[in-house]
J.: 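Have a look at this one.
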Amino acid sequence: MYITDTAKEYCSLRDRIFEKLYDHLNDMQRQAVLTTQGPLLVLAGAGSGKTTVLTNRVAHIVRFGDAYQSNYMPKSLTDQDIMALEDYLKDLNAGKKELPEEVEGLLALRSVYPSGILALTFTNKAAREMKERIFRLVGEDAAAIWISTFHSTCVRILRRDIEKLGYTRSFVIYDDTDQLTVIKECLKELDINEKYFPPKEVRAAIGSRKDELKSPEDYAKEVHGQYREEKLARIYAAYEARLKKNNALDFDDLLNKTLELFYLHPDVLNYYRNKFRYILVDEYQDTNFAQYMLVKLLSDTYGNICVVGDDDQSIYRWRGADIRNILEFEKDFPHTRVIKLEENYRSCQNILDAANQVIRHNTHRKEKSLWTKRGKGEQIRICRAFNEQQEAEFVCNEIKRHISTGGRVGEVAVLYRMNAQSRVLEETFMKYAVPYNIYGGLRFYDRKEIKDIIAYLRLLDNPADDVSLQRIINVPKRGIGSATLASLQEAAVQRNLSILDMILDLDTNMVLSGRTAERVKEFGRLISELTVEKDARPLTDFIDYLLQETNYRSALEEDNSIESESRLENIMEFVSAAREFENNNPEGGLTEFLENIALVSDIDRMEEDTGEGKSSVSMMTLHSAKGLEFSIVFLVGLEEGLFPHARSMDSEEELEEERRLCYVGITRAKNRLYLTYTNQRTLYGSPSLNIPSRFLKEIPEELTEDVSMQLGGSGGYGRKSRGVPVSGAGAYGYAASGPEQAGYSRRAGFRAPGLASSARLDGQSASRPAATSGGKEGRFQPGDKVYHTKFGNGTVVAMEGEGSNLTLKVAFIQGGIRSFIAELAPLKKV
DNA sequence: TTGGTGGATCTTTTT
DNA sequence: GATCCACCAA
C-alpha cells in the first residue's frame, strides 16, 4: 500500500495518543487492549489486572472500533486533521483526557455497534462486575453489549428460537437434584438396579458425554458390544427423552441445544456470527468442549476472538473444564497473538516466589513467573499444630493479635480444602468471639423449603414438569404416598400424558379409586385454582397466596420447632427476593423469575459482598476463593490426604490440579500468608495421623518462618519444623487470651438452621497423646516407607483408628492408595 | 402411608 | 460425625 507522509504522521500520532490514553496500563496490558484484530490469547497470571484489560479492551473497541492495527485510515487527511490530533496529544500530556468529538472521528475509523460485542464469563458475579466497570468507561453504550455468562447467553438465544427444536419457550431448567430424580425414574423404567448404576455416577457419565457433545446415539454406536457402557447409553437415551417430554433442559443442555440449534438451522447461526464482530472470553481455562465449540462457531466470521485466562488456575477439571482448550488455543486459532501478563499488583514478592516455586512442579503448563514492584514483604508463616482444634486456636489468636494492633477483621480470610473443615473453625471463632462469615456450603435456593416453593411455581409455569410435581404432590402431607405416585406415573407414561394431565382428568383415566382418588383430585383442584390465580395476581402477591392455599405456611407454623422457624424465615426471604425481582423487572413474569432463579442464584452472597470493608473474617473453600484477594490469608490443613486430597493422589493429572489449587490459595494473599498443618486430625469421625503436605516442601525454606505454637509442657511439637529453628515460638502462646463467651453475635450472618448452640468446647483435651497406638502397630508412622507383598513399595500417608482397628493408608508407587488393617496386612517397613 | 432404624459413604461447585 | 437412603413395622 502506498503510504503518504501525512498518513505516516497520522499513524505515529495515533500510536502516541493511544499510548498516552492508556498510560495507566503496563506495556503488556496496553498491547492486549490495542490488539483488537484476530485471535488473541492473554495469559493473565493471578493478580495481573485481567479484568482491567478486558474492560479497557471492550471500551476501546466501543470508542475506536477497528481503528488500531487495521489498514483503514481517513480517506482524506488534511493538515487541519493532523493539527487537531497534535493538539489533543498536547491536552493528553497536560493531563486532559477528554476526547473531543472531531478527534474521536479521526481515530475511530470504522465504528462498531456495542451490540456487536459479546463478552462471556462463567459467573454472574464476573459478568456484573465487568458490566459495571465498562459502564463507568463508556456510559450508556455499555447497555447494548452482550455481557453475560455462557449459560445466560445461551438461554437468551434459545428463548428466541427453541421452538425450532420442538420445545416451548417456557422450558424449565433442571438443576442437578432434578437430574438425579429423572435418572432414578429412568433406572426404574429400564429395570436397572441402582446398586450397579448409582444415579450420581450415571449423572456424571451423562454429563461427560454432554460435555463432549455426544448424543445417546453417538455414544451407543461408540460403545457397541460393551455391556456396561451400552446400558449407560440406554439410560442416557431415556434421560434425554424424559427431559424433552417434561419440556426441560439441564445446564449442559443450555449449551448443547444452542449448538444443536446452530447446526440444524444455519440461518440462526449466521445471524449471530455476523452480529458478533468481537468476542471475549473470561476464565478461558475453565471452558469445556461445548463452550469451546460455541466460541469457535461464533467467532468464525470475523475471527476477532480474545480469550483471557490462566492455565495455572484451572481447578475445575472434575466439572468438565478442559485445560487443553487454553494450552492449545494457538493451534485451534491460527495466527494467534499471545500476550503474557506477569506483573502482579496484589502480593509481595515472597508470596509470589512461593507460588511460583510450587506451580513449577507441574509439567503441563505455560511457563510464567509472577513478579511485583512491591518489596519482598514478610516471611511466609508456617505453623504446625497438634490437632485441628489447636490449629483453629492458632488462627484465632493471630487474628486477635492483628486486631489488637489496629488491623481489621475484614482483611482476613481462612481458606480450606473441604467444607467439613469449617466446623471446628466455626466453633473456635465463636468461643473467642471473633466475627466470621462462611461462604459457600448450602446455597439459598438449594434449601428444602425454597426448592419446594420453586417446584410449585415451576409446575404452574410448565404443567409438563413431572419432576416438580413429584416433589410437591405430598408436601405438605396430603396422604399421597409413593405407591399412589408410582401408579399415576406408570399410567401417565402409558398414555403419553404428563402426570398433571392424568390427575386433572382422573375420572376418564380411572387409575385410582376411593379415598386415594379423592385426595389426588383434591390436589388437582388446588393446582387448577392456582393456575387461574397465577395470571390474576402480581408475582409476589401470588406467591403469598400460594403459601396460604397449599397450607405450606401453616404446616410450618404448626410444627413449632427451631428448624421450621428458620424455614419460615427463609421463605420470607424468598418472598422479598421475588418482590425485588418484580421491582427490577416490571415486564418479567413467572417464566423470567424462574429463569432468574436457575441462572442467577447468588442472592446469598450479594448482601455481604463488600470486600475488605466487611466486619468479619471470611471463611471459604479454596475453590470459592478464586478471584478474591485478602491482606492476610490462612491456608489451613496442609496435610497429605487432605490437601492434596486422598482422592486426587492416584493420578498425576489430579495431583497437578491440587497443586494449582494450592497456587490459587497462595496468590490470594496480599501481605501475609499463613500455612498451617496438624499432626492429628479427626476426619469422618475417627482420628488420623497426618504428614505435612508435599506442597509445603515445595516452598523454599528461605521464604518461610516457623511460628508453631508451643504446647503447654508436652514438648516435642512446635520445637522445630522442617529443620527451621523456632523463632520466638513462645510469643504465640496459645491460651494467652481466654475465651470470651459473650460478644459474638449472629450478625456475622450465617443462616443455617439450628447450629450455633453446640459450642461445648470446654477445657479441650487437646494435649492428650494421639491414637499413636502402643504395641506392635505402633511401629508404623505416617511417612514410613513400606513394602507390601502384593502391591510393592509405598508410603504410609495416613493412620486411622487405634488398637486392633488401626488402619493404615498406604500410597503405592504403582496403583494408588489402599487401606489396611495394621495388624493383618502383610506390610513391613523398609 | 408414615415414621423409625441400621448401614454405607463421605472433595472441590457454577450454571 | 452427619447425612442420606433402603428397608421394615405399625
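Just so it is clear: chains get the letters A, B, ... in the order the sequence lines come, proteins before strands, and each one is counted from 1. What you see below is based on every heavy atom in this structure, not just the backbone, and it leaves out hydrogens, waters and symmetry mates. All figures in this text were calculated on a predicted structure; none of them were measured in a lab.
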J.: Between His623(A) (NE2) and dT12(B) (C1'), how many Å, whole number?
T.: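 It works out to 4 Å between those atoms.
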J.: Tell me whether the OP1 or OP2 atom of dT14(B) has a side-chain N or O from Asn124(A) closer than 4.0 Å.
T.: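 Checking Asn124(A) against dT14(B): no side-chain N or O falls below 4.0 Å of OP1 or OP2.
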J.: Please check if the number of heavy atoms outside Glu490(A) that lie under 6.0 Å from its CD is greater than 12.
T.: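 Atom CD in Glu490(A) is not packed in, count stays at 12 or less.
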J.: On the 0 to 90° scale, with breaks at 30° and 60°, tag the Phe150(A)-Phe122(A) ring pair as parallel, tilted or perpendicular.
T.: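 Tilted, since the angle between the ring planes falls between 30° and 60°.
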J.: Just checking, is any N or O donor in the side chain of Glu185(A) or Gln470(A) under 3.5 Å from an acceptor N or O on the other one?
T.: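 Side-chain D/A pair, Glu185(A) to Gln470(A): present.
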J.: Rounded to the nearest Å, what distance is computed from the OH atom of residue Tyr316(A) to the P atom of nucleotide dT15(B)?
T.: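 Going from OH in Tyr316(A) over to P in dT15(B) covers 9 Å.
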J.: Counting side-chain heavy atoms from CB outward, which of dT15(B), dT13(B), dG1(C) is closest to Asn419(A)?
T.: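 Looking only at side-chain atoms, Asn419(A) lies closest to dT13(B).
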J.: Is there a stack between Phe122(A) and dT14(B), judged by ring centres under 5.5 Å and planes under 30°?
T.: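 So Phe122(A) does not count as stacking on the base.
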J.: Which is true for Gln421(A) with a 4.0 Å heavy-atom rule: it touches a base, it touches only sugar-phosphate, or it touches nothing?
T.: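 The residue Gln421(A) makes no contact with any strand.
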J.: If you measure from the ring centre of His645(A) to the centre of the six-membered ring in the base of dT11(B), is it under 5.5 Å, with the planes under 30° apart?
T.: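 Aromatic stack with dT11(B) present for His645(A).
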J.: Nearest 0.5 Å please: distance from the CG atom of Asp286(A) over to the OH atom of Tyr316(A).
T.: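 OH of Tyr316(A) is found 7.0 Å from CG of Asp286(A).
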J.: Could you check which residues of residues 177-188 of chain A get a heavy atom under 4.0 Å from DNA chain B? Sort them by number, please.
T.: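 Within residues 177-188 of chain A, no residue comes under 4.0 Å of DNA chain B.
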J.: Using the closest heavy atom to pick a nucleotide of DNA chain B for each, name whichever of Arg417(A) or Ser152(A) lands nearer the 5' end.
T.: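 Of the two residues, Arg417(A) wins.
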J.: Of the options dT11(B), dT12(B), dT14(B), whose atoms approach the side-chain atoms of Tyr684(A) most closely?
T.: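 Looking only at side-chain atoms, Tyr684(A) lies closest to dT11(B).
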J.: Are more than 12 heavy atoms from other residues, nucleotides or ligands located less than 6.0 Å from atom CD of Glu194(A)?
T.: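 More than 12 within 6.0 Å, yes.
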J.: Look at the rings of Phe643(A) and Phe695(A) and say which category their plane angle falls in: under 30° parallel, 30 to 60° tilted, over 60° perpendicular.
T.: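 Rings of Phe643(A) and Phe695(A): perpendicular, as their planes differ by over 60°.
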J.: So, the side chain of Glu391(A) versus the backbone of Gly637(A): is there a donor-acceptor pair under 3.5 Å, distance only?
T.: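 Confirmed, Glu391(A) side chain pairs with Gly637(A) backbone.
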J.: For the pair made of CZ in Arg423(A) and C1' in dA2(C), what is the distance, rounded to whole Å?
T.: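 My rounded result for the distance is 9 Å.
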J.: Using whole Å, report how far CG of Leu655(A) lies from C1' of dT12(B).
T.: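 It is 15 Å, rounded to the nearest whole Å.
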J.: For DNA chain C, which residues in residues 189-212 of chain A have a heavy atom at a distance below 4.0 Å?
T.: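 Those residues whose heavy atoms fall under 4.0 Å from DNA chain C, taken from residues 189-212 of chain A in numerical order, are Glu194(A).
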J.: Between Thr149(A) and Thr121(A), does any side-chain donor sit less than 3.5 Å from a side-chain acceptor?
T.: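 No, no side-chain donor-acceptor pair sits under 3.5 Å.
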J.: Is the shortest side-chain N to carboxylate O distance from Glu426(A) to Arg423(A) below 4.0 Å?
T.: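 Not counted as a salt bridge, because no side-chain N and carboxylate O are separated by less than 4.0 Å.
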J.: If you measure only the distance, is there a donor-acceptor pair under 3.5 Å linking the side chains of Ser314(A) and Glu657(A)?
T.: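 No - no donor-acceptor pair under 3.5 Å links their side chains.
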J.: Please state how far atom CG in Leu683(A) lies from atom C1' in dT12(B), giving the value in whole angstrom units.
T.: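 Distance check: Leu683(A) CG to dT12(B) C1' gives 14 Å.
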J.: Between Ser648(A) and Asp252(A), which is nearer to the 5' end of DNA chain B once each is assigned its nearest nucleotide?
T.: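 The residue whose closest nucleotide sits nearer the 5' end is Ser648(A).
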J.: For dT11(B), decide between syn and anti, treating a glycosidic angle within 90° of 0 as syn.
T.: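 Syn.
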J.: Which nucleotides of nucleotides 1-9 of chain B have their base under 4.0 Å from a protein heavy atom (B), which only their sugar-phosphate (S), and which neither (-), written as one string 5' to 3'?
T.: SSS------
J.: Can you measure Glu658(A) atom CD to dT11(B) atom P for me and round it to whole angstrom units?
T.: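 The distance from CD of Glu658(A) to P of dT11(B) comes to 13 Å, rounded to the nearest Å.
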J.: Do the rings of Phe593(A) and Phe581(A) sit parallel, tilted or perpendicular, given the 30° and 60° boundaries?
T.: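 It falls in the tilted class, 30° to 60°.
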J.: Whole angstrom is fine here: how far is it from CD1 in Ile438(A) over to P in dT12(B)?
T.: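 So the two atoms are 13 Å apart, to the nearest Å.
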J.: Given atom CG of Leu120(A) and atom P of dT15(B), what is their separation to the nearest angstrom?
T.: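 Going from CG in Leu120(A) over to P in dT15(B) covers 14 Å.
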J.: Taking the six-membered ring for Trp, are His151(A) and Phe251(A) parallel (under 30°), tilted (30 to 60°) or perpendicular (over 60°)?
T.: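 His151(A) and Phe251(A): perpendicular rings.
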